[in-house]
Number of protein chains: 2
Amino acid sequence: MTTTPTPSTAASAAPAADEYLRLEHQICFSLHAASRAFNSVYRVVLKELGLTYPQYLVMLVLWEQGELPVKKLGEHLRLDSGTLSPLLKRLEATGLVRRERSARDERSVHVHLTDEGTALKERALLVPRRISAATGFDLAEITDLRARLDRLTRALDAAALEETPDCL
Amino acid sequence: MTTTPTPSTAASAAPAADEYLRLEHQICFSLHAASRAFNSVYRVVLKELGLTYPQYLVMLVLWEQGELPVKKLGEHLRLDSGTLSPLLKRLEATGLVRRERSARDERSVHVHLTDEGTALKERALLVPRRISAATGFDLAEITDLRARLDRLTRALDAAALEETPDCL
DNA sequence: GCCCATTTAGTTGTGCGCAATTGAATTGTG
DNA sequence: CACAATTCAATTGCGCACAACTAAATGGGC
């Protein structure tokens, strides 16, 4: 499979290539679909909290870590300021967080929870079981799936760094 | 679980709940991150073809199925006209597809490949191995992961239908 | 034949996600 | 101290995802 040099040439008799495209469709699409399905369930559940899914992720980090600068927040979530700035502005508008320029380093903006944001955690504590129930997966399956996805993410990230040059 | 009426009260001694929130963070975030990492690699690879990732998915369906109406396309990809209409308009602008109102039923619009769109398949045949290589997963692992994700998607879809009412 | 519910695309508005750019603050170096 | 490189947040622009809505065409019941 990895050693076949020229599967090209014959456009009339190359079922293997089409098969790859089909398989390809399956894997990339499966992940894409699962992500959106997850998102969809979260949307319903989080609506009661007045949060979108990415906003919920930000709140999770803040509940766990307390106050922290936008930069650190972005590292936790793998998001840049282009995504976080408007998102945080919306969270601030709803009164859940406050942003303040650091006095020590005026480049950085520290994000911290308001009383209202802290209080929201109590209601959020019920979210995990509802999501967990919706998946129909038990703890072991979730843990296993998570490990695979994390490994996949690491591999893809590593590949992305070397992918840019030539090939194809 | 469903019968515990008041888990509230003690905010001082509830480590289990925080643990759930932490676990929660892990699973939802893992999927989210994996999806974006995948997307990121596809973006690099597909750039040479002049396609975005969702546009690539549309082309995959067209290469496999041939001409079909927007509605059917949406069923294959689980996308609605709100997403597909502008996307198809862009694909048409780049000359890869053409949209034509059906004569039989003027409500529906049939999407079919141009010669250029058909020709692009040849170049796309190399995409799967590059992606596959980037994952570092072998065929068995990918197949297994895909099966789990599909099962997860089905469960989440089913849950979404019954989720709306009360709970919490 | 006529009305009404349904089907089908398209449009609008909101919110990510990310590349590219801007601008201010800081740090390092001479 | 001065100047260049770096860091950090914000902004702009584009495309996707989805809810809500509009508008046109179809088909069934009467």
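In the text below, chain A, chain B and the rest are named by the order of the sequence lines, each starting its count at 1.
Nucleic acid contact for B:His110: none, since no nucleic acid atom lies under 4.0 Å from a heavy atom of the residue. Across all strands shown, B:Leu84 has no heavy atoms under 4.0 Å from either base or sugar-phosphate atoms. B:Ser108 comes within 4.0 angstrom of sugar-phosphate atoms only, judged by non-hydrogen atoms across all strands, and of no base. Residue B:Lys89 is in sugar-phosphate contact alone, with no base atom involved, counting any heavy-atom pair closer than 4.0 Å across all strands shown. Backbone-only engagement by A:Thr52 is indicated by non-hydrogen atom pairs under 4.0 Å involving sugar-phosphate atoms exclusively.
If you take CG of B:Leu91 and P of C:dA9, they are 16 Å apart, rounded to a whole angstrom. As a whole-Å value, the separation of B:Tyr42 OH from C:dC18 C1' is 19 Å. One can place CZ of A:Arg101 at 9 Å from C1' of C:dA25, the figure rounded to the nearest angstrom.
Remark: A:Phe38 pairs with A:Tyr42 by the ring pair (Phe, Tyr, Trp, His ring centres under 6.0 Å) rule, at least two apart or across chains.
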Can I get a per-line list of side-chain donor-acceptor pairs under 3.5 Å for residues 74-88 of chain A, giving both atom names and the distance, sequence neighbours left out?
| unit_1 | atom_1 | unit_2 | atom_2 | d |
| --- | --- | --- | --- | --- |
| A:Arg78 | NH1 | A:Asp157 | OD2 | 3.1 |
| A:Arg78 | NH2 | A:Asp157 | OD1 | 3.1 |
| A:Arg78 | NH2 | A:Asp157 | OD2 | 2.5 |
| A:Asp80 | OD1 | A:Gly82 | N | 3.2 |
| A:Asp80 | OD1 | A:Thr83 | N | 3.2 |
| A:Ser85 | OG | A:Ser81 | O | 3.1 |

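Ranked by how close their nearest DNA chain D nucleotide is to the 5' end, B:Tyr53 and A:Lys47 are led by B:Tyr53. Annotation: of the two residues near DNA chain D, A:Val70 and A:Arg36, the 5′-most nearest-nucleotide partner is A:Val70.
No side-chain heavy atom of B:Leu156 sits less than 4.5 Å from a side-chain heavy atom of A:Ile131.
We find that B:Arg146 and B:Asp150 are joined by a salt bridge, their nearest charged nitrogen and carboxylate oxygen being less than 4.0 Å apart.
For B:Leu79, the side-chain atoms get nearest to D:dC18 when compared with the rest of C:dG10, D:dT6, D:dC18. Which of C:dC18, C:dG10, D:dA9 sits closest to the side chain of A:Asp80 comes down to C:dC18. If you check C:dT11, D:dT26, C:dT26 against the side chain of B:Asp105, the one that comes closest is D:dT26.
On a pure distance criterion of 3.5 Å, a polar donor-acceptor pair joins the side chain of A:Ser81 and the base of D:dA10.
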